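One structure is given here, and the rest of the page talks about it.
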Amino acid sequence: MGNSRCLYPGSFDPVTRGHMDIIRRAARMFDEVVVGVLHNPEKQGCFPVPKRVEMLEKACRAIPNVRVISYGGLLARCTKEMGISVVVRGVRGVADLESETAMARINGQLNPGLETVFLPASPETNEISASMVRQLASFGADLAPYVPEQVLPDILAAFERIPEMNKEG
Ligand code: COA
């Protein structure tokens, strides 16, 4: 298989169990997974990028072949600069597939030879999204089923909740 590497890009605002499912599975398929916090111009950020990187690093600590980076420009340029030729994206259903296919084609045009591999989200994480997590956090709901346990305190701190309050639901 040689020295295979992939980039798993996303907003990760914040990292969820859905992202972790994809990262774990990609880490079994590739020698190295570079998780990249990139900028989605259509989304207003919640967590600062360095905080997203820190949370991803905490969540991925037990997976030795995962590295976390951030990049402020185009995904096509990021992969070119890093010499990475495979991008991994998770898809949760037909809606994701449509937009992800368009994105994969454009990235392939900007960086010829760049391939995008889609992994279907697992049934357990299919309904999770970062915006849902942020909404639940703002209302003080229990986030444990949706985010990796290592980052739960960071998210609660950001929303100024204490864990006991969250149990109320
Ligand atoms: N299970 C559950 N949920 C998942 C998931 C999975 N496996 N994978 C993603 N999600 C959710 C995320 O939580 C997120 O939820 P949200 O919309 O509520 O925030 C959503 O699905 C997708 O987000 P994510 O995968 O984190 O990234 P994104 O779609 O916001 O990121 C970039 C897209 C950053 C990769 C893209 O904007 C990009 O490449 N930017 C760089 C600029 C560029 O090159 N632009 C041209 C692209 S053609």
Side-chain angles (χ1 to χ4, degrees), residues 6-30 33-57 59-60 63 66-82 84-139 141 143-148 150-152 154-155 158-159:
C6 71
L7 176 75
Y8 177 46
S11 305
F12 304 107
D13 191 24
V15 58
T16 68
R17 286 188 186 268
H19 296 130
M20 292 311 297
D21 166 56
I22 301 293
I23 293 171
R24 275 195 206 95
R25 287 158 62 199
R28 289 199 290 267
M29 298 166 64
F30 294 88
V33 178
V34 178
V35 177
V37 178
L38 273 80
H39 179 58
N40 182 343
E42 280 163 19
K43 288 182 182 172
Q44 211 195 338
C46 173
F47 290 88
V49 169
K51 188 69 197 176
R52 297 183 212 176
V53 169
E54 184 197 315
M55 287 193 281
L56 274 163
E57 280 172 345
C60 296
I63 318 170
V66 172
R67 185 154 60 98
V68 185
I69 62 150
S70 63
Y71 190 84
L74 283 174
L75 182 146
R77 211 170 284 151
C78 175
T79 47
K80 213 178 276 181
E81 281 175 17
M82 297 190 76
I84 293 179
S85 54
V86 180
V87 167
V88 168
R89 290 284 288 167
V91 291
R92 291 167 294 176
V94 278
D96 273 359
L97 193 59
E98 209 169 302
S99 55
E100 291 296 331
T101 302
M103 211 159 79
R105 287 194 182 122
I106 292 168
N107 286 327
Q109 281 163 7
L110 294 171
N111 181 0
L114 183 66
E115 290 289 355
T116 300
V117 172
F118 297 144
L119 292 183
S122 66
E124 302 77 36
T125 59
N126 202 51
E127 315 309 326
I128 304 174
S129 71
S131 45
M132 184 201 76
V133 165
R134 293 195 300 272
Q135 191 178 119
L136 292 177
S138 72
F139 287 110
L143 301 179
Y146 311 113
V147 301
Q150 299 91 332
V151 305
L152 193 51
D154 295 277
I155 299 174
F159 284 86

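From a predicted model like this one, the values you see are computed outputs, not experimental measurements. FYI, the numbering just counts along the sequence from 1. Every number for a ligand or one of its atoms is a count from 1 in the order of the listing.
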Side-chain donor-acceptor pairs of residues 66-74 under 3.5 Å, sequence neighbours excluded:
from: Arg67; atom 1: NE; to: Glu32; atom 2: OE2; distance (Å): 2.9
from: Tyr71; atom 1: OH; to: Glu81; atom 2: OE1; distance (Å): 3.4
from: Tyr71; atom 1: OH; to: Glu81; atom 2: OE2; distance (Å): 3.1

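Of the protein's non-hydrogen atoms, the one nearest atom 34 (C) of ligand 1 is Leu38 CB, 3.7 Å. Scanning all protein heavy atoms for the shortest distance to atom 18 (O) of ligand 1 gives Ser131 OG, 2.3 Å. In terms of protein heavy-atom proximity, atom 40 (N) of ligand 1 is nearest to His39 O, 2.9 Å. For atom 3 (N) of ligand 1, the nearest protein heavy atom (residue, atom name, distance) is Ile128 O, 2.7 Å. Here the heavy atom of the protein found nearest to atom 46 (C) of ligand 1 is Leu74 CD2, 4.1 Å. From the protein, the heavy atom lying nearest to atom 48 (S) of ligand 1 is Met103 CG, 3.3 Å.
Residue contacts with ligand 1, taken as heavy atom pairs separated by less than 4.0 Å, involve Lys43 solely via side-chain atoms from C-beta onward. Only the side chain of Arg92 comes within 4.0 Å of ligand 1, judged by heavy-atom distances. Residue-level proximity to ligand 1 for Arg89 is carried by the side chain, the only part with a heavy atom below 4.0 angstrom.
The shortest N or O to N or O distance between Pro41 and ligand 1 is not under 3.5 Å. For ligand 1, the polar-atom distance check finds an N/O of Leu75 within less than 3.5 Å of one of the ligand's N/O atoms. At under 3.5 Å, not a single nitrogen or oxygen of Ala121, backbone or side chain, sits near a nitrogen or oxygen of ligand 1. For a threshold of 3.5 Å applied to N or O pairs, the pair formed by His19 and ligand 1 contains at least one separation below that value. Among the atoms of Arg134, none of the N or O lies under 3.5 angstrom from an N or O of ligand 1.
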For this session: Would you please test Thr116 and Glu100 for side chain to side chain contact (heavy atoms under 4.5 Å, CB included) and show each step?
Result: CA-CA 9 Å; Thr116 300; Glu100 291 296 331; 5.6 Å; no
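Considering OG1 of Thr101 and CE of Met103, their distance stands at 10.0 Å, rounded to 0.5 Å.
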